[in-house]
Amino acid sequence: MAMKDDANATKVAEYSEQMTTNLARLEELSARLATVLSRKRVVPPSLQGPGQDLYIKAGTAMMREMMENPTKIMQTQIDYWGKTLTHYVEAQQKLMRGDLTPPEDDSSDPRFSAETWKTHPMFNYLKQQYLLNAELVQNAVADIEGLDAGDKRRLQYFSQQIVDMMSPSNFLGTNPEALARAVETEGESLVKGMENLVRDLERNDGELVVSLADPEAFEVGGNLATTPGKVVHRNRMMELIQYAPTTEKVRSTPLIIFPPWINKFYILDLREKNSLIRWIVDQGYTLFVVSWKNPDASYADVGMDEYVEEAFLETIERVKTITKQKKVNAVGYCIAGTTLSMTLGLMKKRGDTSVKSATFFTTLTDFSDKGEVGVFLDEDFVGGIEAEAKRHGYLDSFYMSRTFSFMRSNDLVYRPAVRNYMMGETPPAFDLLYWNGDGTNLPRDMAVEYLRGLCQENKLANEGFEICGETVTLEDVDVPLMAIACETDHIAAWRSSFRGIQKMGSSDKTFVLSESGHIAGVVNPPSKQKYGHYTNGDWSGSPEDWQSAAEFHTGTWWMRWEEWLRGHSGRLVNAREPGEGEGAEPLADAPGTYVVEEPT
């Protein structure tokens with residue numbers, strides 16, 4: 001008995017020592033936490049949530065329904081009470097019988113995938129009650145009448161944000177996995193979680209931006225963006241990278257990719273196994289890619305005109321000179337696709353036929369239906385963004401990053417936060433998520449012009465958008481083109497993308513709908529055999545008509561696009577080495593300097 005008591009005493013002593021160490025570390029971290037929160041950036045209320053008008057409209061509509069149809073409101077409440085009471089009684093009866101097994105549970109919600117949520121009576125009860133509460137809120141909002149479609153969509157989105165935030169999985173006291181980990185590690189997991197939390201706050205001026213990937217696992221130019229090439233041109237807007245050939249012969253017509261400047265270009269050159277850039281070079285093309293400057297306050301007066309003149313048009317002319325070709329093929333991705341369409345319209349007005357064909361990746365040119373991102377494009381948010389951009393001279397990447405993250409809050413905010421901060425885990429070494437956190441700023445004038453003239457007023461698809469002294473419309477885009485949209489894209493909704501391409505003036509148009517979303521549907525290498533795509537040559541009907549008659553193909557669209565591109569790329573010629581053309585003296589190795597610069 002004495003030996004057993006001694007063993008228990010030793011175990012308690014060890015436990016106490018570990019706990020003492022962890023408590024001391026928590027005190028140190030608390031001091032760091034207080035320091036960083038004291039320097040927390042001030043985020044304007046207009047960028048924290050929708051304006052009061054939305055709540056007033058929703059409250060007015062609800063009150064009107066209560067007055068006009070009280071039975072409907074009461075029935076909703078009675079149904080909720082009945083489900084809640086039945087749930088409680090079932091759980092109570094089981095406990096009274098000594099039956100600790102929970103009710104049957106067929107929930108597939110990934111937030112509650114751990115077995116404890118199903119097998120432990122208390123945690124099962126918490127989960128089921130939360131799902132009942134969530135259902136009540138969702139149904140109540142869906143049943144509100146008297147709101148226009150846009151306001152109702154916004155109300156549904158922002159109420160769902162509250163529902164998602166209140167999940168029991170997001171709180172230590174009601175998360176069985178986090179509690180078990182804390183006990184198993186004698187508090188070590190919570191200390192590591194606090195370290196992760198403080199580190200994320202310190203990186204972002206006191207604002208919480210959850211790290212989605214291990215920041216120490218990657219280096220741009222080290223194990224990301226490694227396709228060989230040279231920077232062959234540079235101006236204040238961009239660096240132009242020419243990639244080294246991997247084939248003896250290449251197509252005579254060079255190809256230029258304009259990536260979005262909301263993010264960095266290396267999404268197309270993550271690693272060798274999923275690099276679209278490397279794959280294109282391997283197919284026998286002379287490839288140029290634009291790497292954008294990350295702007296600071298000195299770029300405040302840079303607008304859409306400057307992007308078109310100093311980046312798109314200058315790049316096209318420089319590539320023609322380097323390759324000694326009269327024409328190029330061009331690709332625009334996301335916002336760069338929108339800008340490419342305006343550039344093509346401008347070139348037509350000027351009689352410039354330098355672009356032989358155009359490809360649009362996940363591009364919006366008709367903003368009549370803004371899709372999911374439209375909840376952030378009403379006047380309350382846009383006015384707030386405009387004021388913030390005017391105050392600083394640019395829109396900080398923080399705002400765009402946070403907006404896109406909260407469009408998939410469970411996947412990109414709450415579940416990573418639970419893993420990092422409550423479980424104390426190191427974020428995964430995931431290249432795509434690392435890139436996702438490597439955001440860029442937007443110049444003041446450009447951000448306002450884009451949000452006002454394109455997103456809100458939809459000028460390009462209607463009366464025309466003024467660019468570089470000309471008014472251009474989608475009808476002015478008349479070169480052969482192919483558009484790639486993505487089925488679950490929450491940033492550039494595919495139906496809106498289809499409508500914009502449908503309005504373009506080209507008589508040679510191809511539309512491809514890829515499975516998956518804004519990034520995964522594009523970065524979809526043949527080796528993965530993961531996402532398929534749809535094709536249909538009939539442009540006469542609605543997007544829904546097109547989809548219902550479309551043919552499905554397994555695997556990526558890359559080969560289909562390359563076959564189309566080959567038909568617009570001329571004969572085979574000797575491969576071109578970066579730096580050998582006129583005016584192409586190498587300035588740096590790929591991926592260049594702009595992509596790794598931090599704005600001052």
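Every value quoted in this text rests on a predicted model; they were computed, and no experiment measured them.
Atom NZ of K370 is surrounded by more than 12 heavy atoms from other residues, nucleotides or ligands within 6.0 Å. Residue E585 qualifies as open at atom CD: its count of foreign heavy atoms under 6.0 Å is 12 or below. Counting non-hydrogen atoms of other residues, nucleotides and ligands closer than 6.0 Å to CD of E580 gives a total above 12. Around atom NZ of K273, no more than 12 heavy atoms belonging to other residues, nucleotides or ligands sit under 6.0 Å away.
No side-chain donor from either of N274 and R271 sits under 3.5 Å from a side-chain acceptor of the other. A donor-acceptor contact closer than 3.5 angstrom links the side chains of T286 and R576. If you check the side chains of T253 and N329, you find no donor sitting under 3.5 Å from an acceptor.
Under a 3.5 Å cut-off, the side chain of N170 and the backbone N or O of M165 do form a donor-acceptor pair. Here the side chain of R251 pairs a donor or acceptor atom with the backbone of G570 at under 3.5 angstrom. Between the side chain of H533 and the backbone N or O of G555 there is at least one donor-acceptor pair closer than 3.5 Å. Using modelled atom types, one side-chain atom of N420 and one backbone atom of S211 make a donor-acceptor pair closer than 3.5 Å. Not a single donor-acceptor pair under 3.5 Å links the side chain of S401 to the backbone N or O of S397. Distance alone, capped at 3.5 Å, places no donor-acceptor pair between the D269 side chain and the I277 backbone. Panel note: side chain N196, backbone E425; a donor-acceptor pair is recorded below 3.5 Å. At least one donor-acceptor pair closer than 3.5 Å links the side chain of D369 to the backbone N or O of G371. A donor-acceptor contact shorter than 3.5 Å links the side chain of T556 to the backbone of N524. Judged by distance alone, with hydrogens and angles left aside, the side-chain atoms of S113 form a donor-acceptor pair with the main-chain N or O of P110 at under 3.5 Å.
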Run L313 and V308 through side chain to side chain contact (heavy atoms under 4.5 Å, CB included) and show every step you take.
CA-CA 6 Å; L313 293 177; V308 169; 4.1 Å; yes
Go through it in stages, so that I can follow the logic: the residues are R402 and V43, the test is side chain to side chain contact (heavy atoms under 4.5 Å, CB included), and I'd like the CA-CA distance, side-chain angles, deciding distance and then a yes or no.
CA-CA 12 Å; R402 187 174 67 166; V43 177; 3.7 Å; yes
Could you go through the side chain to side chain contact (heavy atoms under 4.5 Å, CB included) check for T359 and W561 one step at a time?
CA-CA 9 Å; T359 303; W561 171 59; 2.9 Å; yes
Please lay out, stage by stage, how N458 and S368 fare under the test side-chain hydrogen bond (donor to acceptor under 3.5 Å, both in side chains).
CA-CA 7 Å; N458 199 23; S368 55; 4.6 Å; no
Between F265 and I257, does a side chain to side chain contact (heavy atoms under 4.5 Å, CB included) hold up when you go through it step by step?
CA-CA 9 Å; F265 85 91; I257 296 181; over 6 Å; no
Please determine whether salt bridge (charged side-chain N to carboxylate O under 4.0 Å, His left out) holds for the pair K530 and E515, giving the CA-CA distance in whole Å, both sets of side-chain angles, and the decisive distance to 0.1 Å.
CA-CA 9 Å; K530 192 168 185 180; E515 291 184 309; over 6 Å; no
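Between F312 and W292, the angle of the ring planes lies from 30° to 60°, which puts this pair in the tilted group. Taking the six-membered ring where the residue is Trp, H568 and W564 present tilted rings, their angle falling between 30° and 60°. Using cut-offs of 30° and 60° for the angle between ring planes, the F367 and Y450 rings count as perpendicular.
Ion pairing of E577 with K230 is absent here, as no side-chain N (NZ or NE/NH1/NH2) approaches a carboxylate O to less than 4.0 Å. Of the charged side-chain nitrogens involved, none lies within less than 4.0 Å of a carboxylate oxygen, so that E177 and R181 do not count as a salt-bridged pair. A salt bridge links E317 with K320: the distance from a Lys NZ or Arg NE/NH1/NH2 to an Asp or Glu carboxylate oxygen falls below 4.0 Å. Taking 4.0 Å as the cut-off between side-chain N and carboxylate O, R495 and E544 count as a salt-bridged pair. The pair D282-R278 does not count as a salt bridge, with every side-chain nitrogen at least 4.0 angstrom from each carboxylate oxygen. Ion pair R408/E372 flagged as a salt bridge, since at least one NZ, NE, NH1 or NH2 atom sits closer than 4.0 Å to an Asp/Glu carboxylate oxygen.
Between S291 and P591 the shortest heavy-atom distance is OG-O, 4.4 Å. Scanning both residues, H518 and Y333, for their nearest heavy atoms gives O-OH, 2.9 Å. A pairwise comparison of heavy atoms in S496 and L364 identifies CB-CD2, 3.5 Å as the closest pair. Looking at every heavy atom in both residues, A336 comes nearest to W261 through CA-CZ3, 4.0 Å. Nearest approach of V290 to L240, heavy atoms of both residues: CG2-CD1, 4.2 Å. Between L255 and V331, the shortest heavy-atom distance links the atoms CD1-CG2, 3.8 Å.
Side-chain contact check for L270 versus W435: some heavy-atom pair is nearer than 4.5 Å. Counting only heavy atoms from C-beta outward, the side chains of V479 and T353 never approach each other to under 4.5 Å. Taking 4.5 Å as the limit, some side-chain heavy atom of L460 sits within range of a side-chain heavy atom of S341. Between Y285 and E562 there is a side-chain heavy-atom pair separated by less than 4.5 Å. Looking at R236 and V302, their side chains come closer than 4.5 Å, going by heavy atoms from C-beta outward. Counting heavy atoms from C-beta on, the side chains of T315 and F258 come closer than 4.5 Å. Residues Y434 and L224 form a side-chain contact, since some pair of their non-hydrogen atoms from C-beta on lies under 4.5 Å apart. Taking the side chain as every heavy atom from C-beta outward, F381 and L451 never approach each other to under 4.5 Å.
Listed by chain and residue number, E314 satisfy the side chain to side chain donor-acceptor pair (under 3.5 Å) test with N235 (two or more places apart in sequence, or in another chain).
With values rounded to the nearest 0.5 angstrom, L340 atom CG is found 7.0 Å from I316 atom CD1. Note that CG of N294 and OH of Y394 are 9.5 Å apart. Values are rounded to the nearest 0.5 Å. I267 CD1 to L276 CG: the interatomic distance, rounded to the nearest 0.5 Å, is 10.5 Å. Taking CZ from F360 and OG from S497, the interatomic distance works out to 9.5 Å, rounded to the nearest 0.5 Å.
Remark: of the listed residues R234, K264, R318, R234 is the sole one forming a salt bridge (Lys or Arg N to Asp or Glu O under 4.0 Å) with E239. Each of N441, L395, I335 was scored for a side-chain contact (heavy atoms from CB on, under 4.5 Å) with I262, with one residue passing: I335. Here the options are F361, F511, Y534, the test is ring-ring contact (aromatic ring centres under 6.0 Å, His included), and the partner is W557; only F361 passes.
Within the structure, side-chain hydrogen bond (donor to acceptor under 3.5 Å, both in side chains) pairs that include any residue of residues 500-513 comprise D366-K503 (at least two apart or interchain).
For F376 and Y157, the ring centers sit closer than 6.0 Å to each other.
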